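Here the structure is laid out as structure tokens; the discussion comes afterwards.
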Amino acid sequence: MAKKNNKRKVLAFQAETKELLNLMINSLYTHREIFLRELISNASDALDKVHFQSLTEPELLGSDPELKIVIEVDKNNKTLSITDNGIGMTHDEVIENIGTIAKSGTKAFVEKLKEEKDLDLIGKFGVGFYSSFMVADRVEIITRSARLEKGVRWESEGFGEYSIEEIEVEKRGTRITLHLKESAVETSNPEEDFSNQYTISNLVKKYSNYISYPIHMDFYREEKPRDKDGKVIEGAKEEVVIDSKVVNSITPIWKKNKKDITSDEYFQFYKHHFHDWNEFAEVIHLNLEGKVEFTALLFIPSKAPSNLYDRDYSKGIQLYSKNVFVMNDCKELLPDHLRFVRGLVDSPDFSLNISREILQHDTQLKVIGKSLEGKVIEALKKLLKEKREKYEEIWLELGKALKGGIYMEYKNKEKLEDLLMFHSSFNESKMTTLNEYVERMLEGQKEIYYAAAKDIDTIKRMPQLEVFKEKKVEVLYFVDKIDEFLTQNLDKYKDIKLQSVTREDFKFEELTKPNASDSTQDNHDKDYENEAYKDMLNVIKEHLNGKVKEVKISKRLISSPVCFVNTNSGTTFNMEQLLKGVNQIAPKASKILEINPHHPIFSMIEKVYKNENSAADLKNISEILFNQALLIEGYELENPVEFSNSLCTLMSKAYS
Ligand code: ADP
Ligand code: MG
């Protein structure tokens, strides 16, 4: 029976709210659990408000100064309630805040939803208080504003209307009670049973562990009573025991002062939060205030995540807003080449309801992302400088991702080039940076030399390296598939050109000039110029019938008779092999045949060429030289029969 002064009113929801509620009631969204995060964060906001206002109006806290959240689960009545002693709401505030969709986030959500009937949007946007109707068929709010004596009771089943009345409420704050739907309690999957105290406390840990106020929960268990000595009384009936616990850890590690955190604390957090049981290589803990305000806690792992180099690897940083978890894998905060970084960003500037769509265009996020990128690169450089061994270890794990950054975009070259490491002829058991290479460059050396092949053994057998070995010019070993392709963007390091040892032209004059102290001077005293042998080289080229672009006197061969080199631009042998390997139609590497003028075969060729009677033999010789170069290079012979015939003809001539 209604009391006389009971001004219970039934009001209709605003049209947009109705629409949203309808959606929640009928939701088949699989992550309904987010309702709890939303309600707890509302409670936390209300506590923030009363805390803030009490700084100037201490009387607001009255006899109830300890700010907290209490969650109660009642399995029998199938209810779940979340109570806070925050700022509370007046009658009008309830109508204003709960009855209408004022928030731009929710508004945007409703609009988006009209376009795309995509349930996933719920999780992406988060829809605040209304999400409780995903799990409840009736929601009750009892609230009292910190400034008023009277309280308010609001209730709704979500269908179009709600009731509101003024009532007596003892203390300030808000209590939200959800009368859980059947589908939210009697489910075979305990994770979906929201009347289960452990389900709820796990969800608190998952989403709201770092709320700055304690979240209290009573846990019920049945136990046989004990006697005075603490012994279990056999045969007695079990009694309900209540354990009161604070379920969240309150201060998140990232909000603590760096100085107060031990490396073990970081590690414990890293391990449990990111599920990586390997010690991380470096931690970056930032706290920035200013135009954009954020805290970031980032970890550089020491081992690559198992699927780091897979297409479906999902990179990203966790996003928190004022200690409340907002989303995983926020992609905008990390460039691809740093996708191995694990961590989180907490910024008060992001609302819980922010959508991934909005984030994509968010300039604040871009600013944060830029700053994170800079910090991670800085940390990597510091590791390289101060903990070289550690750096080399992680380079082997993560280096390919960094290389990928240079390969994909020229703008990353400068940022990342100092982090690159390669094996080199300087010390085969250690890796070197480009900077170290440059510091070791010989007087007169104008280029950084590299040899690219599938492995170090193959490189060491390359005839093109002979003169480099002899002159002790260091050569980088490019053995990763991506390495040589890097040079498309990494054409220079600090204005010094990266030059392949198999390219036609290399600025080697200073180094190849005979010098007095050189023990091999005798072999090199004659300066062989292409010009002097122009005609002979041309004839060989003609004999090869278009198979080579040119025939030249070699400056790089010491012991091998011949080798191929590539033209200055276009595909190299190594690239051609690699592209073939991934079934791409590979442009063929152009071949220039180089002949070693110091090899006995050279004077033989000269002799044959000059003797009119043996002119026909030069064709066979050219064939053999060409095929030899193919063999040395590791190519298949194009025509083994022809090769064999040429060889036999010459051999029989020699001994007949
Ligand atoms: P949002 O939190 O993004 O504003 P919600 O739908 O979660 O959107 O909540 C709507 C409004 O209802 C809040 O802005 C707040 O004014 C009010 N509100 C919700 N829960 C509480 C609470 N526990 N205490 C005080 N006010 C609340
Ligand atoms: Mg909210």
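If you're wondering where the values come from, they're calculated on a predicted model, not measured in any experiment. Numbering of ligands and ligand atoms starts at 1, following listing order. The first residue of the sequence shown is numbered 1, and numbering continues consecutively from there.
With no hydrogens or angles considered, a side-chain donor-acceptor pair links Q53 and R147 at under 3.5 Å.
For the pair K206 and F325, the cation-pi test (distance below 6.0 Å, angle within 45°) is failed.
Residues that satisfy the salt bridge (Lys or Arg N to Asp or Glu O under 4.0 Å) test with K75, not counting sequence neighbours, are D193.
Not one N or O of E38 is nearer than 3.5 Å to an N or O of ligand 1, by distance alone. Between Y130 and ligand 1, a contact under 3.5 Å exists for no N or O pair. Inclusion of K49 in the set of residues having an N or O under 3.5 Å from an N or O of ligand 1 is not warranted. At least one N or O atom of N97 sits closer than 3.5 Å to an N or O atom of ligand 1.
No more than 12 heavy atoms of other residues, nucleotides or ligands shown are found within 6.0 angstrom of NZ on K258.
The distance from ligand 1 to the heavy atoms of F129 drops below 4.0 Å at these ligand atoms: 5 (P), 6 (O), 7 (O). Interface atoms of ligand 1 facing I98, defined by a heavy-atom separation under 4.0 Å, are 12 (O). Of all atoms in ligand 1, numbered sequentially from 1 with element shown, those under 4.0 Å from a heavy atom of G128 are 5 (P), 6 (O), 7 (O).
Counting heavy atoms closer than 4.0 Å to ligand 1, residue I176 contributes nothing at all. Proximity of I82 to ligand 1, defined as any heavy-atom pair under 4.0 Å, is not found for any part of the residue.
The salt bridge (Lys or Arg N to Asp or Glu O under 4.0 Å) analysis of residues 314-330, with sequence neighbours excluded, yields the pairs K315-D336.
Residue side and main chain included, N42 places an N/O/S atom under 2.8 Å of the Mg ion (ligand 2).
Remark: distances from the non-hydrogen atoms of M89 to ligand 1 include one below 4.0 Å.
A distance-only check finds no donor-acceptor pair linking the side chain of D310 to the backbone of Y313 [under 3.5 Å]. A side-chain donor-acceptor contact under 3.5 Å links H285 to the backbone of W254.
Considering every non-hydrogen atom in both I98 and Y130, the closest pair reads O-OH, 2.8 Å.
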